[in-house]
Amino acid sequence: MKYGLIGEHLAHSFSKEIHELCADYTYEICELAPEAVPGFMQNPTFTAINVTIPYKQTVMPYLYEIHEHAKAIGAVNSVVNRDGKLWGYNTDFYGLSALIRRVCGSLKGEKVLILGSGGTSHTARAVVKAEGAASVLTVVRNPSAEGQISYAEAEANHGDTDVIINCTPCGMYPYADGASHIKGTPIDILKFSRLSGVVDAVYNPLRTNLVQDALDHGIPAEGGLYMLVAQAVMASRIFLGRVEEAFSDETAMDEETDRVYRRILASKENIVLTGMPSSGKSTVGKALAQELGRPFVDTDAVILQRAGKPITEIFSELGEVGFRDLETQVVKDVANTHTGAVIATGGGAILRDENIRALRRTGRIYFLNRPLEYLIPTADRPIASTVEDIRRRFEERYDRYLATCDVEIKTDEVMKHTLNTIREDFFS
Ligand code: S3P
């Protein structure tokens with residue numbers, strides 16, 4: 001291996017994709033057992049590697065020189081082999097500071113809360129200090145060191161916090177809504193009346209509950225994908241011998257990060273279609289999926305498959321509420337387990353907030369706004385089998401479709417226009 005990543009469990013790493021978008025080397029993913037690390041570092045055959053959990057500290061004794069950011073954090077995520085001597089860097093420092101800058105601008109004079117005390121939290125502390133924050137507190141479940149406070153204390157006594165940075169795994173796949181051992185949302189942002197930014201290091205899902213809570217209240221917020229891309233972009237520049245540029249040309253680094261981020265985001269994000277029955281969600285969805293070479297999922301088809309009976313029968317046996325409960329389960333499962341897919345939803349999927357939350361976690365929502373006169377009743381649609389039914393639901397739901405979408409697409413008779421509008425928006 002000349003270039004690549006070492007770590008213990010790497011099946012879900014995005015690093016190969018990201019590096020190969022910003023450099024022309026081949027990047028390999030290399031899982032190493034702990035006992036293999038010393039040999040790997042003592043007789044290096046690589047040109048440059050990234051290092052991830054749990055080896056960011058393990059590799060440090062093998063290094064000839066360690067960059068100041070890596071020293072400040074106490075961990076190394078990039079190692080370059082120069083004539084047999086190993087040089088260590090930490091590009092997570094730039095990754096997190098680029099994300100913070102994007103979400104909050106400057107941290108000068110700000111009061112910052114960092115949630116969690118693991119590796120990312122150390123990076124956050126180093127970055128926040130370097131950015132000139134006025135005060136930094138670390139929030140943990142059981143405070144044991146100076147500068148640490150509990151969640152209860154943070155919510156009760158630090159309501160004047162400006163910026164929250166989540167470095168815990170709360171909200172991470174597969175426990176996006178939490179489970180018995182982990183919360184889905186680390187902290188209640190409504191306890192902080194002055195917040196001007198929320199940064200979440202979690203990138204799977206793309207928008208955690210914490211990020212969505214903030215956005216729902218008009219507070220700028222973003223997940224960790226931008227950080228992941230930024231650290232990789234900087235590592236790639238160091239790997240290519242462009243160390244000077246990596247550490248001094250912030251504009252070039254940010255521009256390259258933006259370019260690669262847009263590509264990676266588009267490849268991971270789902271395209272979600274909402275709209276009234278017979279507005280064309282399935283037809284447009286299938287055509288779009290085919291054009292883009294993406295998987296297509298129809299939540300109604302999944303419901304039908306799981307229940308083993310048509311939707312009309314589900315309605316008559318379980319009533320509308322029973323159907324909606326099934327729909328919520330399916331919407332959550334489909335949203336949580338797909339990336340880079342096209343998802344067509346049933347017309348009523350927008351009715352429940354929890355459905356929208358799940359869809360928005362991993363996707364961008366397009367409302368296919370087809371005029372009422374083009375919506376055709378059909379017998380297999382229990383709530384849309386007559387013109388009158390459709391008109392009533394259209395009037396009841398119209399504002400909800402608008403309020404829950406990211407983009408409204410006014411559809412006309414020509415499907416090509418709809419496909420083009422979605423594609424242009426999604427890839428811009
Ligand atoms: C419904 C729409 C249907 C289906 C169910 C309920 C609705 O999907 O989920 O019959 O409440 O609008 P389509 O929008 O694909 O017809």
Side-chain angles (χ1 to χ4, degrees), residues 270-290 294-336 338 341-360 363-413 415 418-419 422:
N270 294 317
I271 296 175
V272 178
L273 306 179
T274 63
M276 280 291 289
S278 101
S279 60
K281 296 170 305 238
S282 303
T283 316
V284 167
K286 274 183 204 150
L288 197 58
Q290 196 179 20
R294 293 182 165 228
F296 173 71
V297 193
D298 187 326
T299 57
D300 274 349
V302 179
I303 295 171
L304 192 145
Q305 193 187 24
R306 278 200 196 169
K309 55 186 85 159
I311 286 178
T312 39
E313 267 180 51
I314 305 175
F315 263 75
S316 56
E317 282 171 25
L318 304 175
E320 181 163 350
V321 174
F323 171 80
R324 297 287 169 222
D325 289 344
L326 262 178
E327 181 177 57
T328 293
Q329 289 226 312
V330 166
V331 164
K332 284 187 178 173
D333 289 350
V334 167
N336 286 345
H338 286 78
V342 178
I343 301 173
T345 58
I350 45 90
L351 295 172
R352 291 189 177 175
D353 287 343
E354 57 188 318
N355 297 358
I356 294 300
R357 199 146 251 234
L359 292 166
R360 191 162 275 147
R364 185 163 173 82
I365 302 179
Y366 294 88
F367 163 36
L368 300 192
N369 187 358
R370 193 166 163 84
L372 182 57
E373 56 272 29
Y374 294 123
L375 302 176
I376 313 294
T378 56
D380 61 344
R381 290 186 158 109
I383 62 98
S385 55
T386 67
V387 172
E388 180 45 31
D389 269 354
I390 292 200
R391 192 189 57 76
R392 187 166 63 84
R393 301 278 179 163
F394 183 88
E395 281 166 7
E396 276 170 17
R397 292 177 181 173
Y398 189 73
D399 290 344
R400 180 77 186 160
Y401 284 122
L402 284 177
T404 54
C405 72
D406 292 297
V407 185
E408 174 197 2
I409 308 282
K410 291 210 158 76
T411 62
D412 56 21
E413 284 306 85
M415 186 162 67
T418 306
L419 297 178
I422 297 175

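When a ligand or atom number is given, it counts from 1 through the structure's own listing order.
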Checklist entry - Among Thr345, Leu304, Ile314, Ile383, which one has a heavy atom closest to atom 1 (C) of ligand 1? => result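 It is Ile383 that holds the nearest heavy atom.
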Would you say [X] and [Y] make side-chain contact, with heavy atoms under 4.5 Å?
X	Y	answer
Asn270	Arg364	no
Met276	Lys281	no
Gln329	Glu327	no

Item to check | Distance-minimising heavy-atom pair for Ser282 and Asp298 | outcome: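 Heavy-atom minimum between the residues: OG-OD2, 2.8 Å.
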Checklist entry - Taking all atoms of both residues into account, what is the closest heavy-atom pair of Arg393 and Ile383, and its distance? => result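 In this case the closest contact between Arg393 and Ile383 is NH2-CG2, 3.2 Å.
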Checklist entry - Hey, does Arg397 sit under 4.0 Å from ligand 1 if you only count heavy atoms? => result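 The answer is yes, since Arg397 has a heavy atom less than 4.0 Å from ligand 1.
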Near [X], which atoms of ligand 1 are under 4.0 Å from a heavy atom of that residue?
X	result
Pro382	10 (O)
Ile311	5 (C), 10 (O)
Arg324	7 (C), 11 (O)

Closest protein heavy atom to [atom], given as residue, atom name and distance to 0.1 Å:
atom	value
atom 3 (C) of ligand 1	Asp300 OD2, 3.4 Å
atom 5 (C) of ligand 1	Phe323 CZ, 3.7 Å
atom 14 (O) of ligand 1	Lys281 NZ, 2.5 Å
atom 16 (O) of ligand 1	Arg381 NE, 2.5 Å
atom 2 (C) of ligand 1	Gly347 N, 3.3 Å

Item to check | Pairs meeting criterion salt bridge (charged side-chain N to carboxylate O under 4.0 Å, His left out) with involvement of residues 371-390, two or more places apart | outcome: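 Matches after skipping sequence neighbours: Glu388-Arg391.
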Checklist entry - Side chain of Arg360, backbone of Thr404: donor and acceptor closer than 3.5 Å? => result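 Yes; at least one donor-acceptor contact below 3.5 Å.
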